[in-house]
There are 2 protein chains.
Amino acid sequence: MAATQKRTYARYTLEGLTLLGKMIRLGRKKRKMTEHELAERLGIARSTLQRMEKGDPKVEIGLMFEAAAIVGVKLFDADEKGITALISRTDDRIALLPKHVYKAGKRVDDEF
Amino acid sequence: MAATQKRTYARYTLEGLTLLGKMIRLGRKKRKMTEHELAERLGIARSTLQRMEKGDPKVEIGLMFEAAAIVGVKLFDADEKGITALISRTDDRIALLPKHVYKAGKRVDDEF
DNA sequence: AAGATATGCCTTATATATCGGTCAATTCGA
DNA sequence: TCGAATTGACCGATATATAAGGCATATCTT
């Protein structure tokens, strides 16, 4: 009977999604856009936008980010150039680490 | 022939995703976790984790957020309580606006 | 107050992401 | 150096999200 194993999410994850969804909703309303309008602009169904504003964990992350951008919600508080710079810096930091991770060394090294 | 209309994403969206993916990758490596380990911890296939670290717009946002949390990448720079507070504040701000948006008034009201 | 519009919630068919696996190439530990 | 492990890329089958629409209710405009 296939069981359909259900996935669970940490509370922090769900709350983060709820917040993002509400921020999108707020941004949309401040711009006086209807669900129909924003959905059309995004090229998606209104029902999908509704799931996004509710913080449904199953929606495509690309759509969520796109919607956020359209209604003026910034993630990473950085503009186009800022993001690009952050990507470079992250690449540099990754390059400093071993290419492969091996289960031998058990240090955690936790300073971001 | 069904045409399979392809979706496009803004550059800003794609770069944001690339950044998030790389941050997850960096976080994973700093914690010395292999792809296999993190995927198992998340309850997903390794191939899916690989798409996430590449910033694929099609992955579930819930998985991306969950992965970020596990490897110590903070979005919204706020902890559990902080997120909850932000949700409340966002709810309050939404409550101040009209329940329905009507296409009559065209003001944009852009101050976040 | 009345009419029009937006929103909430639900459902089915279809498109598509995920899973689970394989194979090759790379890189680390001993 | 050699062997074991990690990573990168790819693939088909299946589970699942999305699209599209309907209907009821709420709320705005005039």
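First the proteins, then the strands, lettered A, B, ... as listed; each starts at 1.
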Engineer: Taking only N and O in the side chain of A:R51, is any of them less than 4.0 Å away from OP1 or OP2 of C:dC10?
Structural biologist: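 So the side chain of A:R51 is outside the cut-off, no N or O lying under 4.0 Å from OP1 or OP2 of C:dC10.
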
Engineer: Given atom CG of A:L97 and atom P of C:dC28, what is their separation to the nearest angstrom?
Structural biologist: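 Going from A:L97 (CG) to C:dC28 (P), I get 11 Å.
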
Engineer: Are the side chains of B:E15 and A:F76 in touch, meaning some heavy atoms are under 4.5 Å apart?
Structural biologist: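 Not touching, per the 4.5 Å side-chain cut-off.
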
Engineer: Once you round it to whole Å, what is the distance between P of D:dA20 and CD of A:Q50?
Structural biologist: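 Going from A:Q50 (CD) to D:dA20 (P), I get 15 Å.
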
Engineer: Listed by chain and number, what are the side-chain hydrogen bond (donor to acceptor under 3.5 Å, both in side chains) partners of A:D91, not counting sequence neighbours?
Structural biologist: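 Once residues adjacent in sequence are excluded, the partners of A:D91 under the side-chain hydrogen bond (donor to acceptor under 3.5 Å, both in side chains) criterion are B:K22.
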
Engineer: Check the phosphate of D:dA19 against B:R7, side-chain N and O only, distance under 4.0 Å to OP1 or OP2. Yes or no?
Structural biologist: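 Yes, because at least one side-chain N or O of B:R7 sits under 4.0 Å from OP1 or OP2 of D:dA19.
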
Engineer: How long is the gap from CD on B:E53 to NZ on B:K29, to the nearest 0.5 Å?
Structural biologist: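 If I round to the nearest 0.5 Å, the distance is 8.0 Å.
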
Engineer: Quick one: B:E40 CD to C:dG20 P, roughly how many Å, whole number?
Structural biologist: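 Result: 11 Å.
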
Engineer: With side chains defined as the heavy atoms from C-beta onward, is the minimum distance between B:R28 and B:R25 less than 4.5 Å?
Structural biologist: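 B:R28 reaches B:R25 side chain to side chain.
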
Engineer: Both B:A45 and A:K29 contact DNA chain C. Taking the nearest nucleotide for each, which residue is further toward the 5' end?
Structural biologist: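 Closest to the 5' end, via its nearest nucleotide, is A:K29.
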
Engineer: So which one's nearest nucleotide on DNA chain D is more toward 5', B:K99 or A:L49?
Structural biologist: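 Residue closer to the 5' terminus by nearest nucleotide: A:L49.
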
Engineer: Counting just side-chain N and O atoms, does A:T48 come under 4.0 Å of either OP1 or OP2 of D:dT18?
Structural biologist: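 For D:dT18, neither OP1 nor OP2 has a side-chain N or O of A:T48 closer than 4.0 Å.
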
Engineer: Starting at atom CD1 of A:I94, determine the distance to atom P of D:dT6, rounded to an integer number of angstrom.
Structural biologist: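 It works out to 18 Å between those atoms.
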
Engineer: Can you check whether any acceptor in the base of C:dG21 is under 3.5 Å from a donor in the side chain of B:R46, or vice versa?
Structural biologist: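 No, the side chain and the base share no sub-3.5 Å donor-acceptor pair.
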
Engineer: Could you work out, with side-chain hydrogen bond (donor to acceptor under 3.5 Å, both in side chains) as the rule, every residue matching A:R41, not counting sequence neighbours?
Structural biologist: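 A:R41 satisfies side-chain hydrogen bond (donor to acceptor under 3.5 Å, both in side chains) with no other residue.
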
Engineer: For B:S47 and C:dC19, is the shortest distance between a side-chain N/O and OP1 or OP2 below 4.0 Å?
Structural biologist: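 The answer is no; no side-chain N or O of B:S47 sits under 4.0 Å from OP1 or OP2.
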
Engineer: Please determine if a side-chain N or O atom of B:R25 lies less than 4.0 Å away from the OP1 or OP2 oxygen of D:dG8.
Structural biologist: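 For B:R25, the contact criterion (side-chain N or O under 4.0 Å from OP1 or OP2 of D:dG8) is met.
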
Engineer: Name the pairs: protein N/O against N/O of nucleotides 1-5 of chain C, kept only if under 3.5 Å.
Structural biologist:
unit_1: C:dT5; atom_1: O2; unit_2: B:Y102; atom_2: OH; d: 2.8

Engineer: Between atom CG in A:L17 and atom P in D:dA17, what is the gap in whole Å?
Structural biologist: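 From A:L17 CG to D:dA17 P: 14 Å.
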
Engineer: When you measure from every atom of DNA chain D, which of residues 53-65 of chain A have a heavy atom less than 4.0 Å away?
Structural biologist: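 Heavy-atom cutoff 4.0 Å gives A:K58, A:V59, A:E60.
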
Engineer: To the nearest 0.5 Å, what is the distance between CG on B:L75 and CD1 on B:I83?
Structural biologist: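 Result: 8.0 Å between the selected atoms.
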
Engineer: What is the distance from CD of B:E35 to C1' of C:dT27, rounded to the nearest Å?
Structural biologist: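 Atom-to-atom, B:E35 to C:dT27, this comes out as 13 Å.
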
Engineer: Roughly how far apart are A:K32 NZ and B:L97 CG, rounded to 0.5 Å?
Structural biologist: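 Atom-to-atom, A:K32:NZ and B:L97:CG are 7.0 Å apart.
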
Engineer: Donor-acceptor pairs under 3.5 angstrom involving side-chain atoms of residues 54-70 of chain B: please list them, not counting sequence neighbours.
Structural biologist:
unit_1: B:D56; atom_1: OD1; unit_2: B:K58; atom_2: N; d: 2.8
unit_1: B:D56; atom_1: OD2; unit_2: B:R51; atom_2: NE; d: 3.1
unit_1: B:K58; atom_1: NZ; unit_2: B:Y9; atom_2: OH; d: 3.4
unit_1: B:E60; atom_1: OE1; unit_2: A:Y9; atom_2: OH; d: 3.0
unit_1: B:E66; atom_1: OE1; unit_2: A:A10; atom_2: N; d: 3.0
unit_1: B:E66; atom_1: OE1; unit_2: A:T13; atom_2: OG1; d: 2.6
unit_1: B:E66; atom_1: OE2; unit_2: A:A10; atom_2: N; d: 3.1

Engineer: List in chain and number order the residues that pass side-chain hydrogen bond (donor to acceptor under 3.5 Å, both in side chains) with B:S47, two or more places apart in sequence or in another chain; answer none if no residue qualifies.
Structural biologist: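 By the side-chain hydrogen bond (donor to acceptor under 3.5 Å, both in side chains) rule, B:S47 matches no residue at all.
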
Engineer: Within the structure provided, determine whether B:R7 and A:I44 are in side-chain contact (heavy-atom separation under 4.5 Å).
Structural biologist: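 In contact.
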
Engineer: If I take atom NZ in residue A:K32 and atom C1' in nucleotide C:dT7, what distance separates them, rounded to the nearest angstrom?
Structural biologist: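 Those two atoms, NZ and C1', are 16 Å apart.
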
